[in-house]
Amino acid sequence: MQIEDMDLHLLDSLDTGIYESSVSDIDRMHKLVLSKAGAPEVRRGFFRSTRLLLVAAVVLVSGLAVAAGFLKSSDAFRGALREQNADGELVPISETAPVVDRSGLLLNQSYVAGDIEVSLRGVVGDEKGFKVLLDVSSISGKELALTQPDGALSNGELSFWKADIAFEDEKLYAQGSMTRGVALNGSKGEVMLEVEADQQAVRGQAVRITLRDLMQQAERSGSDTGVGSLYDLVSRFEPPTGDMFEESGHAMDENGNVTEIHYRLAKDGDEAVQLGGALSRYYLTNAVLWQGNLYLKGYASAAVDIQRDFNAHALRNMKTGEVVEQSSMSAAGGGKHDLPEGLLPPELAGQALYSWDIEFFRVTEDMLPDLTIIRDYGWSRYPVQEGEWSFDITLDYQNTTVTAVPVQPILLGDQKLAVAKMMVSPFMIEIIAHTDAAGIDAAQEFGDTLHTDHIQIHLKNGTTVHERDCSSSMTYPAEDQPLQLTYELNVVIDPQLVQSIEINGMVFEVGK
Amino acid sequence: MQDSQIIELMQSNPSEGLYEAINKYNGLLVVVVSRILRGMQQDVEECVSDAFLNVWKSRDRLDPETSTLKGFLLCTARNVAINRYKQLKRHDTAPLDETQELVSADDVELEVMQAEDVQVLMQLINELHEPDREIMLRKHFLFEPVKDIAERLAMDPIQVKNRLYQAKKRLKTTLVERGVSDYAN
């Protein structure tokens, strides 16, 4: 059953009127959706006004390496862009004929920020997108995969917090970006940025790529924030009696029971408490105990990217070690706040600030003396080097995409659909198939279910690249329109060397 | 503009109709998807646009008299976002926050959130009494935090949590009984 056939009227009963969007957001979303849909009226409009909309969607890349015409990795990017020699050893790309050399754009631009040098090694791409291959290294020789001061252990995965894509032609629009990579030995690592342009060709365009904050992924182990006992930080602010009660911030129910208890910071009067460890830029100003929930509240400089530090937190019983309850941090928008003098450090005076709060469930007043705040267990990203790395390049890579018309139909459930065209790019397989009414239903069923497929890419030299758990995406075909099924590869391949592609046992001959 | 008018407009003038749908529901979808994909703004925009794209492509199958645009968009956005979350989780890049807690704490919840079970979930929720019905809808379709639900319904958050827990237990039992999925294992 399709969603449009379901009775979802129950959701109409929900009052959702508070959720609104700005006009600019609405306009942008409208353009984005129409460009994805390839709406003819949009194309005509764009051509008339000579506007050009580029939607660049950047997707995650799990790894790559080189072996006989393909870049593969079984362990993120370890060994990326190095080719195996006859003895199976990884050798530098300069000694081989790598994919980036045959089908890509070799650049070797470098940019230094802080202790980190980022080298843009090259670009591979097709008409719809491109991947940027980056080397990172520490100038001082510092280990990129670090153990954090608060005890978090890196798993060696590197990424940039943000990667902005700005085309010289201001009419081109890039939505955002994500990167992923791995620390190699010692002070060197590799990162790849992937940009997918849904609608417009980007080959030949000049673009500025700005990378911000090199991060590493690390596992936290209940690390301390250094605040100690909550009871040492905050003390109960006794409510005054009579008319002054409401001004105290406390609240009571109709039976006269206090339901909301405000605490003030005990340390140095009302001065904010600076959290430790990776949260050192956050200041705790007050606490509220409300009906069994504890809210810790505070401020951080608006210059702090609070989303980057967005991590789970927990309270831990310092006597038993038990983690009492988990929650997460939320933040309100940055702006000027009318705060008491001396509450925050002088360097924050006059700055735009975020207000933040952390909510903890099931906390009672008698628990406070034994509780402290910790960062929760799990994975998070920590900065290796904050800063920006910027590159101006022209996307003059060769498009080596191979197009074939396999005789084998594609199977969607029980439906066999004739393949009109199959395109193999360095990082994507796209299948265009003929549909009829049954095919549309099969496609809808297929599209409503999360699929991962096993793909084997057979190369002309006899080797095979195995892609397990490859995710597919599909356009929902309208009547008489072809179906488009896309597989994002986790490897980079040289399409010219592909003989055939096997998807869940279906073999499609590609090579001539 | 009423949903039925927007659907009619989408069928007669797709671009204008789409604009009105976005005008009315973009804020809602962004909030809901953001609650699933916390801190991943570019993924949020992608998922929300996919939801609108889906309704745009299905516009001719919607009936202005009987279809609910809000329900269609909410369910589509929710499914797309959950699938994206699972995809990111496989790559260990999904942020660790209360959404993950929500998703990973109880795989049964995740299972019933899948597209093929939305209708069953909706039927089961419809069988609940108020305020449990609204609590479940807000929690599982709008992903509202317990605190917000409590404030909106003027309830104690603990009460909300307890009602959620009891309702989910009942749902799980019913789902297993009806053989919707192999939850017994």
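Once rounded to the nearest 0.5 Å, the distance linking NE2 of A:His30 with CD of B:Glu20 reads 9.0 Å. Atom-to-atom distance recorded for B:Ile22:CD1 and A:Met29:CE is 6.5 Å, nearest 0.5 angstrom.
Looking at B:Asp63, neither its backbone nor its side chain comes within 4.5 Å of chain A, counting heavy atoms on both sides.
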